[in-house]
Amino acid sequence: MRYFVEFVVSALADKPDMVSIEEEENEQLRQYKINVSPGDIGRIIGRKGKTINAMRSILNAVSEDNRRIVLEVK
């Protein structure tokens with residue numbers, strides 16, 4: 001799933017070389033912290049948060065081990 005997040009965020013970003021993803025896991029959730037350039041934050045979040053919420057929905061739908069997925073843009 002990390003590769004999916006990295007692929008989508010890199011495709012949306014104007015500066016894909018500045019994209020980095022940190023992954024943290026525990027028994028109940030999997031958290032991805034997305035670091036992008038300041039100019040790309042709005043593109044990743046989308047208008048009224050629609051883009052980031054769509055990615056969250058897709059990730060939660062395909063979660064193999066029923067862990068909750070958290071996406072956080074730093």
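Keep in mind the model is a prediction, meaning the values are calculated, not measured.
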Do the non-hydrogen side-chain atoms of V62 and F4 ever get within less than 4.5 Å of each other?
no

Any sub-3.5 Å donor-acceptor pair from R30's side-chain atoms to E23's backbone N or O?
no

Salt bridge check: are E24 and K33 linked by an N-O gap of less than 4.0 Å?
yes

Quick check for you: to the nearest 0.5 Å, what is the distance between E22 atom CD and Y32 atom OH?
13.0 Å

Under 4.5 Å between side-chain heavy atoms, counting indirect links through other Ile/Leu/Val/Met/Phe/Trp/Tyr residues: same cluster for V36 and M18 or not?
no

R43 side-chain N/O to L12 backbone N/O, donor-acceptor pair under 3.5 Å:
yes

Can I get a per-line list of side-chain donor-acceptor pairs under 3.5 Å for residues 45-55, giving both atom names and the distance, sequence neighbours left out?
{"residue": "N53", "atom": "OD1", "partner": "R56", "partner atom": "NH1", "Å": "3.0"}
{"residue": "N53", "atom": "ND2", "partner": "G49", "partner atom": "O", "Å": "3.0"}

Is there side-chain contact between S20 and E6, with at least one heavy-atom pair below 4.5 Å?
no

Would a 4.5 Å heavy-atom cut-off, applied to side chains only, mark I34 and V5 as touching?
yes

Distance (rounded to the nearest 0.5 Å) between N66 CG and N60 CG:
10.0 Å

With a cut-off of 3.5 Å and sequence neighbours excluded, list every side-chain donor-acceptor pair involving residues 67-74.
{"residue": "R67", "atom": "NE", "partner": "D65", "partner atom": "OD2", "Å": "3.0"}
{"residue": "R67", "atom": "NH1", "partner": "E25", "partner atom": "OE1", "Å": "2.5"}
{"residue": "R67", "atom": "NH1", "partner": "N26", "partner atom": "O", "Å": "3.4"}
{"residue": "R67", "atom": "NH2", "partner": "D65", "partner atom": "OD2", "Å": "3.4"}
{"residue": "E72", "atom": "OE1", "partner": "Q31", "partner atom": "NE2", "Å": "2.9"}

Shortest non-hydrogen pair, P16 vs S10, comes out as CB-O, 3.6 Å

Using a strict threshold of under 4.0 Å (side-chain N to carboxylate O), is an ion pair present between D40 and K15?
no

